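Okay, structure first, notes after.
Count residues from 1 along the sequence. Only a predicted model underlies this, so the values are computations on that prediction, with no experimental measurement involved.
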Amino acid sequence: MVSDIFVNLPVKDLARAQTFFRALGFMFDPRFTDDQAACLVLGAHIYAMLLAEPFFQTFTPKAISDAHRSTEVLTALAVESRAAVDTLVSRAVAAGGRIPRDPQDDGFMYGHAFEDLDGHIWEVLYMAPEAVTPE
């Protein structure tokens with residue numbers, strides 16, 4: 001088992017990306033944030049490292065995908081209520097993001113999504129606690 005998760009995402013304008021996610025109510029860990037990278041705190045032990053594209057490129061010989069044109073990953077965030085889903089998506093749109101699809105209501109699970117400024121898709125979902133089977 002792992003202790004933490006750090007999802008690394010390339011961004012074109014690091015300062016603009018930070019402004020976007022702060023408008024959604026997120027914070028950054030200053031210990032891992034500088035002019036090349038910003039550590040977006042998503043929850044306890046859950047982080048997204050927003051990396052300026054030139055810095056991101058130092059970690060891979062592959063070309064960086066244009067998330068506005070293709071999708072490599074969907075990052076899903078679970079929140080505490082249906083209202084919290086709608087609030088987070090609304091904040092994203094107000095901060096310059098866009099909605100890639102209509103909300104999905106499966107009764108026991110409700111989800112919606114937004115694209116950030118770099119085209120990365122963030123799925124936001126609420127699952128009713130009674131729908132989760134105990135281990």
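Counting heavy atoms from C-beta on, the side chains of L50 and L14 come closer than 4.5 Å. Counting heavy atoms from C-beta on, the side chains of Q57 and I64 come closer than 4.5 Å. The shortest distance between side-chain heavy atoms of F26 and L42 falls below 4.5 Å.
Interatomic distance, CG of N8 versus CE of M49, reported as 6.5 Å (0.5 Å rounding). Distance CZ/R98 to CZ/F114: 13.0 Å, rounded to 0.5 Å. Separating the CZ atom in F21 from the CE atom in M27 is a distance of 15.5 Å, to the nearest 0.5 Å. To the nearest 0.5 angstrom, L24 atom CG is 10.0 Å from S90 atom OG.
Side-chain rings of F28 and F32 stay apart, their centers remaining 6.0 Å or farther from each other.
V79 and V41 sit in two unconnected hydrophobic clusters of ILVMFWY residues. Membership requires side-chain heavy atoms under 4.5 Å apart, directly or through other members. F20 and V11 fall within the same hydrophobic cluster, defined by Ile, Leu, Val, Met, Phe, Trp and Tyr side-chain heavy atoms under 4.5 Å apart, directly or through other members. Hydrophobic clustering of Ile, Leu, Val, Met, Phe, Trp and Tyr side chains at less than 4.5 Å, counting indirect connections, keeps F108 apart from V85. There is no path of hydrophobic side-chain contacts, each under 4.5 Å, that joins I46 to L125. L40 and L74 end up in different hydrophobic clusters when Ile, Leu, Val, Met, Phe, Trp and Tyr side chains are linked at under 4.5 Å.
Between D116 and D118, the closest heavy-atom pair is OD1-N, 2.9 Å. Between I99 and H112, the shortest heavy-atom distance links the atoms CG2-NE2, 3.4 Å. In this structure, I121 and A113 approach most closely via the heavy-atom pair CG2-CB, 4.3 Å. The shortest non-hydrogen separation linking P10 to F56 is CD-CE1, 3.5 Å. In plain terms, the two heavy atoms of A37 and L51 that are nearest each other are CB-CD2, 3.4 Å. Contact detail for L117 and H68: the closest heavy-atom pair is O-NE2, 3.2 Å.
Legend: residues meeting side chain to side chain donor-acceptor pair (under 3.5 Å) with R16, ordered by chain and number and at least two apart, are absent. For the side chain to side chain donor-acceptor pair (under 3.5 Å) test, no residue two or more places apart in sequence or in another chain qualifies with R91.
Atom NE2 of H45 has 12 or fewer neighbouring heavy atoms from other residues, nucleotides or ligands inside a 6.0 Å radius.
Taking the centre and axis of the six-membered ring of Y110, the NZ or CZ atom of R82 falls inside the cone set by 45° and 6.0 Å.
Grouping Ile, Leu, Val, Met, Phe, Trp and Tyr residues whose side-chain heavy atoms lie under 4.5 Å apart, directly or via other members, leaves M1 alone, with no other cluster members.
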Q) What's the verdict on ring pair (Phe, Tyr, Trp, His ring centres under 6.0 Å) for Y47 and F6, showing C-alpha distance, side-chain angles and the deciding distance? A) CA-CA 5 Å; Y47 311 92; F6 291 84; 4.7 Å; yes
Q.
Test side-chain contact (heavy atoms from CB on, under 4.5 Å) on L77 and W122; report intermediate values, then the result.
A. CA-CA 7 Å; L77 306 174; W122 298 79; 3.7 Å; yes
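No donor-acceptor distance shorter than 3.5 angstrom exists from the side chain of T71 to the backbone of V73, with no hydrogens or angles considered. Of the possible polar contacts, none joining the T58 side chain to the P54 backbone as a donor-acceptor pair under 3.5 Å is found.
By the 4.0 Å N-to-carboxylate-O rule, R101 lies too far from E115 to be salt-bridged with it.
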